[in-house]
Amino acid sequence: MIPVTKLNQQETVVNCDLIELIEANPDTTITMTTGRKLIITDSVDSILEKIVAYKRQINATK
């Protein structure tokens, strides 16, 4: 799970295993495998860094 900030400045947590697509157009939009879309203030690069850090943390505990 990674934290993201919605446009209304509300922080929420997303299951990064369910992310299908991340687009920057101009706001960052995350499309989930369920079809749900989230428009967030975080950049695409920031989201990718959070995903990599999360995956490293999960794999380090195995």
Side-chain angles (χ1 to χ4, degrees):
M1 303 283 278
I2 60 167
V4 297
T5 305
K6 294 181 181 181
L7 291 180
N8 64 2
Q9 300 306 311
Q10 179 183 0
E11 190 169 287
T12 189
V13 182
V14 174
N15 183 341
C16 61
D17 292 326
L18 298 179
I19 295 175
E20 182 175 350
L21 182 66
I22 304 172
E23 300 173 278
N25 53 356
D27 296 318
T28 305
T29 304
I30 296 177
T31 304
M32 308 300 285
T33 57
T34 60
R36 181 176 181 192
K37 292 185 182 238
L38 295 169
I39 301 173
I40 59 171
T41 60
D42 304 85
S43 69
V44 172
D45 290 338
S46 170
I47 297 299
L48 293 175
E49 288 172 7
K50 290 178 183 182
I51 292 170
V52 169
Y54 173 75
K55 296 287 185 174
R56 281 187 181 145
Q57 179 184 6
I58 294 301
N59 289 327
T61 59
K62 288 185 179 182

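Quantities reported herein were computed from a predicted structural model and do not represent experimental measurements.
The cluster map of Ile, Leu, Val, Met, Phe, Trp and Tyr, joined by side-chain heavy atoms under 4.5 Å apart, puts Ile58 and Leu48 in the same cluster.
Side chain of Tyr54 to main chain of Met1: a donor-acceptor pair is present (N/O by atom type, distance under 3.5 Å, no hydrogens or angles).
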Which donor-acceptor pairs under 3.5 Å do side chains of residues 36-43 form with protein atoms, sequence neighbours excluded?
{"from": "Thr41", "atom 1": "OG1", "to": "Thr5", "atom 2": "O", "distance (Å)": "3.3"}
{"from": "Asp42", "atom 1": "OD1", "to": "Thr5", "atom 2": "N", "distance (Å)": "2.8"}
{"from": "Asp42", "atom 1": "OD2", "to": "Lys50", "atom 2": "NZ", "distance (Å)": "3.0"}
{"from": "Ser43", "atom 1": "OG", "to": "Ser46", "atom 2": "N", "distance (Å)": "3.0"}

Show which side-chain atoms of residues 8-22 pair as donor or acceptor with protein atoms under 3.5 Å away, not counting sequence neighbours.
{"from": "Asn8", "atom 1": "OD1", "to": "Gln10", "atom 2": "N", "distance (Å)": "3.0"}
{"from": "Asn15", "atom 1": "OD1", "to": "Asp17", "atom 2": "N", "distance (Å)": "3.0"}
{"from": "Asp17", "atom 1": "OD1", "to": "Lys55", "atom 2": "NZ", "distance (Å)": "2.3"}

